[in-house]
Amino acid sequence: MSKVVRVAVTGAAGRVSSSLIVRLASGEVFGPETKVVLQLLELPAALKNLEGAMYELQDCGFSTLKDVVITDDANVAFKDANWALLVGAAPRGPGEQRKDLIRKNGPIFVGQGRAIAKHAASDVRVLVVGNPCNTNCLIAYKNGRDVPADRWHAMTRLDHNRAVSALAAKAGTTNDAVTCMTIWGNHSNTQFPDFTNAKIGGKPATGVITDRAWLEGTFVPNTQERGKFIIDTTKVSSSFSAANGAIDHVKTLVRGTAAGDWTSAAIVSKGEYGVPAGLVFGYPCTSSGDGNWKVVEGLTFDEFGQKKFKTSLDELLQEQEVVKDLLPS
Ligand code: NAI
């Protein structure tokens, strides 16, 4: 009998999820022998659009898609879910600050964290994509404490992929030559895309790209601001590249990282690299393909890296302060 994987996706009628659900259904992530049940959550106003998406998924005729559930009830969406991909969140409105967005979206993750803890499968893994994803993940985890801390993740994989692609282009090589990239800290414009520990063709990236001014003054800010650059160019935020980041995150947990390489994920800190335990922080991570992350220890920073790391850590501590009433102790 083939294995069945239940994947809950929130904000399922939105732009990111529209790409995500097709790739989840296709067998690309869990393989041809695994049947996927998609459990799609939306706000009531978007259910009609979601119904359309469900019909289109049926029309793809994927051999790996067993069923599609559409609902506006989180208790139904997370029932027995093995994976919960939390994409649904309100976008930042005109004139709104990051702090306003945190307050607007935070409460969504209180309810969803509780519903996951109550209804999901005992092996559930949660990936928060909806922004501000680190702090939304922190809220969901603190409200869903019955699920072990190491199951809660926020997405820095899109930033990771962007950073790899930018270094490869500058070095005149292909993306697969870039390894050991890390997005430290927050998925925001304070993140530190760490070129100092990255490699290109197995050599230190700083030895291949010797233009330090470009690395510090162009690569870092461009990676930090890439999301804004996409919005400025297209008037809407990243969609299929964001879905691709989520797919890569899950795939890596299912299949593992290559020997000698790692990837980026924001996870609940156990205090690694001096980050206060409990904060959802972007780290270099490996996986053996067993669904778990392991933080790569022992990396060092130069003065530039230390400064960038601290800026992102300070921002996450400030975000935690803004939502402290949503975090049960
Ligand atoms: P969108 O506006 O197209 O879709 C969001 C969907 O979420 C909407 O259909 C909305 O009805 C739904 N939604 C809102 N509140 C909900 C709730 N409480 N329960 C269920 N569904 C709910 O937005 P898009 O472009 O798909 O982006 C989704 C989120 O992903 C945004 O927060 C965006 O900032 C974030 N994002 C994160 C990235 C990352 O790298 N971590 C990259 C790109 C986007």
Side-chain angles (χ1 to χ4, degrees), residues 8-22 39-53 69-78 81 84-93 96 98 100-116 126-140 143 153-163 183 185-191 193 223-231 234-250 263-267 280 282 319:
V9 179
T10 74
R15 295 179 65 255
V16 172
S17 292
S18 296
S19 300
L20 185 57
I21 57 179
V22 180
Q39 306 184 164
L40 308 179
L41 181 70
E42 255 300 348
L43 296 176
L47 279 180
K48 201 68 195 163
N49 286 343
L50 194 54
E51 193 184 323
V69 176
I70 60 172
T71 181
D72 59 1
D73 182 348
N75 299 322
V76 173
F78 296 126
L85 310 183
L86 310 188
V87 184
R92 197 188 297 199
E96 270 182 340
R98 188 173 175 82
D100 302 325
L101 187 69
I102 292 174
R103 289 300 318 177
K104 186 152 101 183
N105 283 333
I108 297 174
F109 294 86
V110 172
Q112 292 187 354
R114 288 182 188 150
I116 288 168
V126 186
L127 173 63
V128 180
V129 175
N131 278 321
C133 62
N134 294 56
T135 295
N136 289 339
C137 182
L138 174 74
I139 296 168
N143 286 279
H153 322 143
M155 188 169 92
T156 51
R157 186 59 175 266
L158 170 57
D159 310 290
H160 177 103
N161 290 344
R162 287 166 170 166
I183 303 297
N186 203 0
H187 166 70
S188 75
N189 62 6
T190 68
Q191 68 181 251
T223 307
Q224 292 171 327
E225 297 285 354
R226 182 70 172 182
K228 181 175 179 299
F229 175 76
I230 298 287
I231 294 173
T234 64
K235 308 291 173 238
V236 284
S237 66
S238 310
S239 57
F240 63 85
S241 60
N244 182 65
I247 292 285
D248 280 351
H249 182 109
V250 177
T263 189
S264 303
I267 60 173
V280 176
E319 289 188 14

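Remember, it's 1-based here, ligands and their atoms both numbered in the order they're listed.
- Note that the CD atom of E319 and the CG atom of N136 stand 8.5 Å from one another [nearest 0.5 Å].
- Atom 19 (N) of ligand 1 has its closest protein heavy atom at Q112 NE2, 3.6 Å.
- Distance check on atom 2 (O) of ligand 1: every protein heavy atom falls at or beyond the 4.0 Å cut-off.
- For atom 32 (O) of ligand 1, the nearest protein heavy atom (residue, atom name, distance) is N131 N, 2.9 Å.
- Proximity of L158 to N244: side-chain heavy atoms (C-beta onward) are nowhere separated by under 4.5 Å.
- For the atom pair I70 CD1 and N49 CG, the distance stands at 10.5 Å (nearest 0.5 Å).
- Which of G14, G111, A154 comes nearest to atom 4 (O) of ligand 1 through a heavy atom is settled by distance: it is G14.
- The distance from atom CG of N75 to atom CD of Q112, rounded to the nearest 0.5 Å, is 10.5 Å.
- Contacts between I108 and ligand 1, counted as non-hydrogen atom pairs separated by less than 4.0 Å, involve the side chain only.
- A 4.5 Å side-chain heavy-atom check between P193 and D159 finds every atom pair outside the cut-off.
- Nearest to atom 43 (C) of ligand 1 among the protein's heavy atoms is A242 CB, 3.5 Å.
- When non-hydrogen atoms are compared, ligand 1 lies under 4.0 Å from the backbone of A89 as well as from its side chain.
- Residue, atom and distance of the protein heavy atom nearest to atom 22 (C) of ligand 1 are L43 CG, 3.7 Å.
- A salt bridge is absent between R103 and D100; no separation between the charged side-chain nitrogens and carboxylate oxygens falls under 4.0 Å.
- With hydrogens left out, the protein atom closest to atom 20 (C) of ligand 1 is G11 N, 3.8 Å, a heavy atom.
- For R157, no heavy-atom contact with ligand 1 is shorter than 4.0 Å.
- For the residue pair S241 / R226, no side-chain donor-acceptor distance below 3.5 Å is found, with atom types taken as modelled.
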Verdict with reasoning, V250 to L85, per side-chain contact (heavy atoms from CB on, under 4.5 Å)
CA-CA 9 Å; V250 177; L85 310 183; 4.0 Å; yes

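- Considering backbone and side-chain atoms together, S17 places no N or O closer than 3.5 Å to any N or O of ligand 1.
- Closest to atom 27 (O) of ligand 1, if we only count protein heavy atoms, is V16 CG2, 3.7 Å.
- When side chains are defined from C-beta on, R162 counts as touching S238, because their heavy atoms get closer than 4.5 Å.
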Could you walk me through whether V126 and F78 pass side-chain contact (heavy atoms from CB on, under 4.5 Å), step by step?
CA-CA 11 Å; V126 186; F78 296 126; over 6 Å; no

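- Counting atoms of ligand 1 from 1 in the listed order, those under 4.0 Å from a heavy atom of L158 are 40 (O), 42 (C).
- Under 4.0 angstrom from ligand 1, the non-hydrogen atoms of S237 all belong to its side chain.
- The atoms of ligand 1 that sit less than 4.0 Å from any heavy atom of C133 are 41 (N).
- For atom 9 (O) of ligand 1, the nearest protein heavy atom (residue, atom name, distance) is E42 OE2, 2.5 Å.
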For side-chain contact (heavy atoms from CB on, under 4.5 Å), just list the numbers for L86 and I116, CA-CA rounded to whole Å, side-chain angles, deciding distance to a tenth of an Å, and then say yes or no.
CA-CA 11 Å; L86 310 188; I116 288 168; 4.0 Å; yes

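- Contact between S238 and ligand 1 is present, with at least one heavy atom of the residue lying under 4.0 Å from the ligand.
- Among T71, L41, D72, the one residue that satisfies the side chain to side chain contact (heavy atoms under 4.5 Å, CB included) test with L47 is D72.
- The shortest N/O to N/O separation between R15 and ligand 1 falls below 3.5 Å.
- The shortest contact between atom 37 (C) of ligand 1 and any protein heavy atom is with V129 O, 3.0 Å.
- Atom-to-atom distance recorded for I183:CD1 and T223:OG1 is 6.5 Å, nearest 0.5 angstrom.
- The part of H187 lying near ligand 1 is the side chain, judged by heavy-atom distances below 4.0 Å.
- Contacts of V87 with ligand 1, taken as heavy-atom pairs under 4.0 Å, involve both backbone and side chain.
- G245 does not count as a contact of ligand 1, since none of its heavy atoms falls under 4.0 Å from the ligand.
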